[in-house]
2 protein chains.
Amino acid sequence: MACSLEDHREYLHQHGIKSTRPRNLVWEILLTHDGILSAEEIYQTAVQQGETVNFSTIYRVLELFVEKGLVEKSFFPGTQKNVFSVCHVGHTHHLICLRCHKTVDISPCPLSDLEKQIAAKTDFQIVGHHLEIYGYCPECRKIMK
Amino acid sequence: MACSLEDHREYLHQHGIKSTRPRNLVWEILLTHDGILSAEEIYQTAVQQGETVNFSTIYRVLELFVEKGLVEKSFFPGTQKNVFSVCHVGHTHHLICLRCHKTVDISPCPLSDLEKQIAAKTDFQIVGHHLEIYGYCPECRKIMK
DNA sequence: TTGGTTGCAAATCGTTTGCATCCCG
DNA sequence: CGGGATGCAAACGATTTGCAACCAA
């Protein structure tokens with residue numbers, strides 16, 4: 001897959017998202033740091049790149065991306081913070097290191113069969129789910145002795 | 001299983017939790033409304049029962065229960081709120097109606113095999129996970145036409 | 001040009017904390 | 001009696017909002 005800035009912006013455009021500096025910036029930070037980022041981390045990354053964005057704008061842009069289905073919003077365990085990650089085709093989940101926050105994608109989603117079973121049993125209309133698995137990555141396990 | 005107030009208090013006692021009015025109150029509300037409750041909902045329920053408890057106390061009591069492994073803390077999707085539920089033996093998850101907030105337990109936990117696979121593949125030490133499934137219950141589906 | 005987008009500052013919401021008082025063991 | 005538990009009020013951190021200025025189409 002080609003990965004130029006133009007491609008990314010074109011991708012946003014295709015999803016009905018007007019190109020602006022903050023939107024491109026947030027989107028490119030999310031793509032570059034493929035994984036899970038908080039609004040704070042996005043802000044810090046932008047600052048390190050010499051860009052300035054307002055926090056409110058970051059939140060508004062993220063909300064827009066979530067609405068358009070480009071980004072998934074979830075929670076980081078043990079904090080009060082929301083975290084955001086780019087939605088992948090095929091719907092992946094995250095394995096998250098509780099120490100260094102590194103993430104590994106778990107795909108494909110192992111839950112579709114389970115959902116069908118549950119829908120049949122409970123007569124719920126299932127619209128989504130949330131799955132995260134927490135642990136410690138090999139590196140952090142070493143450091144932690 | 002017997003369910004008298006004394007039994008509930010004895011249960012807390014066994015877990016090293018000193019019996020106080022707020023603790024018994026919160027615990028009994030959680031047991032009565034078997035499912036998922038926010039701090040706010042616990043507070044409202046208490047008020048409806050003619051009891052008064054301070055919000056700080058509710059949070060402190062809930063934190064204590066979580067520490068002792070009696071209660072699980074998670075997030076309600078689409079809100080910024082934490083929600084709390086009694087931990088069942090065998091580790092259950094929730095199917096949550098997005099409209100009326102009714103919950104259905106999903107048990108046993110369908111993830112233990114998956115966790116083993118993932119641990120083997122990634123060399124992570126897995127310490128926990130978070131799974132919730134969202135949808136609309138039969139009643140709400142009718143109401144929503 | 002012009003309606004959507006941004007930055008700023010202030011408000012909001014859920015949650016946490018310091019401290020004096022209270023109550024269980 | 002004494003230490004932990006509570007209530008109160010104030011602090012806190014993350015997120016949201018109103019509004020005026022701005023900018024992409």
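In what follows, chains are A, B, ... by sequence order, proteins preceding strands, each numbered from 1. The shown structure was predicted, so the numbers you read here are calculated from the model rather than taken from an experiment.
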Nearest whole angstrom, please: distance from the [atom2] of [N] to the [atom1] of [X].
{"X": "A/Glu63", "N": "D/dT16", "atom1": "CD", "atom2": "C1'", "value": "9 Å"}
{"X": "B/Lys73", "N": "C/dG14", "atom1": "NZ", "atom2": "P", "value": "14 Å"}
{"X": "B/Glu40", "N": "C/dT12", "atom1": "CD", "atom2": "P", "value": "16 Å"}
{"X": "A/Lys68", "N": "C/dG4", "atom1": "NZ", "atom2": "P", "value": "12 Å"}
{"X": "A/Tyr43", "N": "D/dA14", "atom1": "OH", "atom2": "C1'", "value": "15 Å"}
{"X": "B/Gln80", "N": "D/dT16", "atom1": "CD", "atom2": "C1'", "value": "10 Å"}
{"X": "A/Leu64", "N": "C/dT6", "atom1": "CG", "atom2": "C1'", "value": "13 Å"}
{"X": "A/His13", "N": "C/dT5", "atom1": "NE2", "atom2": "P", "value": "13 Å"}

Any donor-acceptor pair under 3.5 Å linking the side chain of [X] with the backbone of [Y]?
{"X": "B/Glu41", "Y": "B/Ser38", "result": "yes"}
{"X": "B/Arg21", "Y": "B/Glu51", "result": "no"}
{"X": "B/Arg9", "Y": "B/Ser19", "result": "no"}

Looking only at side chains, do [X] and [Y] share a donor and an acceptor under 3.5 Å apart?
{"X": "A/Glu10", "Y": "A/His8", "value": "no"}
{"X": "B/His93", "Y": "B/Asp105", "value": "no"}
{"X": "B/Glu40", "Y": "B/Gln44", "value": "yes"}

Problem - NE2/A/His15: more than 12 non-hydrogen atoms of other groups inside 6.0 Å - result: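 Result for NE2/A/His15: enclosed.
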Exercise for the section: State whether the number of non-hydrogen atoms from other residues, nucleotides or ligands found under 6.0 Å of A/Tyr136 atom OH is greater than 12. Expected result: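 Yes - once you tally the heavy atoms of other residues, nucleotides and ligands closer than 6.0 Å, there are more than 12.
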Practice task
Output the residues of residues 16-25 of chain B in contact with DNA chain C, where contact means a heavy atom of the residue under 4.0 Å from an atom of the strand; sort by number or write none.
Solution key: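 Residues of residues 16-25 of chain B under 4.0 Å from DNA chain C: B/Lys18, B/Ser19.
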Exercise for the section: Taking only heavy atoms on the protein side, list every residue of residues 54-61 of chain B lying under 4.0 Å from any atom of DNA chain C, sorted numerically. Expected result: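 The answer is B/Ser56, B/Tyr59, B/Arg60.
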Problem - Inter-end axis angle, the helix from C/dT1-D/dA25 to C/dG25-D/dC1, with every axis fitted to five base pairs (rounded, 10 degrees) - result: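 The angle separating the two end axes equals 40°.
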Practice task
Would you give the length of the straight line joining atom CG of A/Leu64 to atom OG1 of A/Thr57, rounded to the nearest 0.5 angstrom?
Solution key: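 Nearest 0.5 Å value for the CG-OG1 distance: 12.0 Å.
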Problem - Contact under 4.0 Å: A/Asn82 side-chain N or O vs D/dT15 OP1/OP2 - result: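 Answer yes for this pair, as a side-chain N or O of A/Asn82 is under 4.0 Å from OP1 or OP2.
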Practice task
Give the C-alpha distance, both sets of side-chain angles, the deciding distance and a yes or no for salt bridge (Lys or Arg N to Asp or Glu O under 4.0 Å) between B/Glu63 and B/Lys73.
Solution key: CA-CA 9 Å; B/Glu63 192 189 346; B/Lys73 177 179 178 176; over 6 Å; no
Practice task
Name the orientation class of the two ring planes belonging to B/Phe65 and B/Trp27 (parallel below 30°, tilted from 30 to 60°, perpendicular beyond 60°).
Solution key: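 Because their plane-to-plane angle is over 60°, the rings of B/Phe65 and B/Trp27 count as perpendicular.
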